[in-house]
Amino acid sequence: MRKRQQAQNEEISTVSQAPGGNQRPNTCCFCWCCCCSCSWNEERGEHAGRPTHTTKMENIQVEEESQIPTAEEILSWSHNFDKMMSSPAGRNLFREFLRTEYSEENLLFWLACEDLKNEQNKKIVEDKARNIYEDYISILSPKEVSLDSRVREVINRNLLDPTPHMYEDAQLQIYTLMHRDSFPRFLNSQVFKSLLENTEGSISES
């Protein structure tokens, strides 16, 4: 048994070491620069385990500052997705729900695109566009959002000259996905039902 384990260990050691002493070969992937040997690709590969991955944009948007919503606002969210998404308090509550469904990245991506739209400095636009790509578009990211091939092709073309609105098609697709898929479940969730009951109770008391 001990000899067998020793032989297996030697075999693994032989496979893991490439000729010339390089232990990590360049592997083709789809990344910002579409280059198989880019340094960003290698850095991401070193953290393949990444169970507690935190995105660059998520660091910025830990939680939005918001005022306590009025009863009228909360009631309007129950039948109007657009109104909820236009409210920081509504987005925070929706994000809390999405976290329980492991789909928080959809809202984070949408927020990152909104942030990019407000930027005018070309250098900052390029940096933010790259961060969005690495965090939510790259197939290597654990927070990759679901986009169809047509939208991905548009993004690939836009990467050549990033602009504040380069992710508009992708943002709309994810917004529609959240509206049709996540929002109905959010309305039936305990998170929203509890808030709605408290709101309706306070209105009846007044």
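No hydrogens, no waters, no symmetry mates; every other heavy atom, side chains included, goes into these values. Predicted model only: the values in this text are computed from it and were never measured.
Once rounded to the nearest 0.5 Å, the distance linking CG of D127 with CZ of R130 reads 8.5 Å. Residue I174 holds its CD1 atom at 15.0 Å from NE2 of H179, rounded to the nearest 0.5 Å. Atom-to-atom distance recorded for Y136:OH and I155:CD1 is 13.5 Å, nearest 0.5 angstrom. Interatomic distance, CG of L116 versus CG of N131, reported as 10.0 Å (0.5 Å rounding). The CD atom of E134 lies 10.0 Å from the CG atom of L140; values are rounded to the nearest 0.5 Å. Separation of atoms CH2 (W77) and OG1 (T199) is listed at 8.5 Å; rounding is to 0.5 Å.
In terms of modelled atom types and a separation under 3.5 Å, the side chain of S87 and the main chain of M84 share no donor-acceptor contact. Between the D169 side chain and the V151 main chain, no donor and acceptor come within less than 3.5 Å of each other. Side-chain atoms of E73 come within 3.5 Å of backbone N or O of T70 as a donor-acceptor pair. Put simply, the side chain of R99 never gets that close to the backbone of E104: no donor and acceptor are under 3.5 Å apart. Within the 3.5 Å criterion, the main-chain N or O of S138 finds no donor-acceptor partner in the side chain of S141. With hydrogens and angles disregarded, a donor-acceptor distance shorter than 3.5 Å links the side chain of Y167 to the backbone of A129. Distance alone, capped at 3.5 Å, places no donor-acceptor pair between the N80 side chain and the S76 backbone.
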Trace of the side chain to side chain contact (heavy atoms under 4.5 Å, CB included) decision for N158 with T163: CA-CA 8 Å; N158 290 340; T163 67; 5.9 Å; no
With side chain to side chain contact (heavy atoms under 4.5 Å, CB included) as the criterion, how do E105 and E144 come out once you've worked through the C-alpha distance, each side chain's angles and the decisive distance to 0.1 Å? CA-CA 8 Å; E105 65 273 7; E144 177 193 5; over 6 Å; no
Check the pair R150 / E153 against salt bridge (Lys or Arg N to Asp or Glu O under 4.0 Å), numbers first and verdict last. CA-CA 5 Å; R150 179 191 66 82; E153 289 176 3; over 6 Å; no
In sequence, state the C-alpha distance, the side-chain angles, and the governing distance for M85 and L107, and then conclude on side chain to side chain contact (heavy atoms under 4.5 Å, CB included). CA-CA 10 Å; M85 288 292 287; L107 182 56; 3.7 Å; yes
Would you sort out whether M178 and W110 count as a side chain to side chain contact (heavy atoms under 4.5 Å, CB included), showing the intermediate values? CA-CA 10 Å; M178 291 190 293; W110 186 86; 4.2 Å; yes
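Residues S182 and L98 form a side-chain contact, since some pair of their non-hydrogen atoms from C-beta on lies under 4.5 Å apart. Using a 4.5 Å heavy-atom cutoff, the side chains of M166 and L159 are in contact.
In this view, F192 and F186 satisfy the ring-ring contact (aromatic ring centres under 6.0 Å, His included) rule, not counting sequence neighbours. Not a single salt bridge (Lys or Arg N to Asp or Glu O under 4.0 Å) links D82 to another residue, sequence neighbours left out. Under the salt bridge (Lys or Arg N to Asp or Glu O under 4.0 Å) criterion, K122 pairs with E126, D161, sequence neighbours left out.
Cluster annotation: L108 and V191 are assigned to the same hydrophobic cluster (Ile/Leu/Val/Met/Phe/Trp/Tyr, side-chain heavy-atom contacts under 4.5 Å, transitive). At a threshold of 4.5 Å between side-chain heavy atoms, the hydrophobic network of Ile, Leu, Val, Met, Phe, Trp and Tyr places V154 and F109 in two separate groups.
Under a cut-off of 6.0 angstrom, the local environment of CD1 in I68 is sparse, with at most 12 non-hydrogen atoms contributed by other residues, nucleotides or ligands.
Under 4.0 Å is where a charged nitrogen must lie from a carboxylate oxygen, and between R185 and E101 at least one such pair does. Ion pairing between R152 and D148 fails under the 4.0 Å rule for side-chain N and carboxylate O.
Taking all atoms of both residues into account, the shortest heavy-atom contact from K193 to L187 is CG-O, 3.9 Å.
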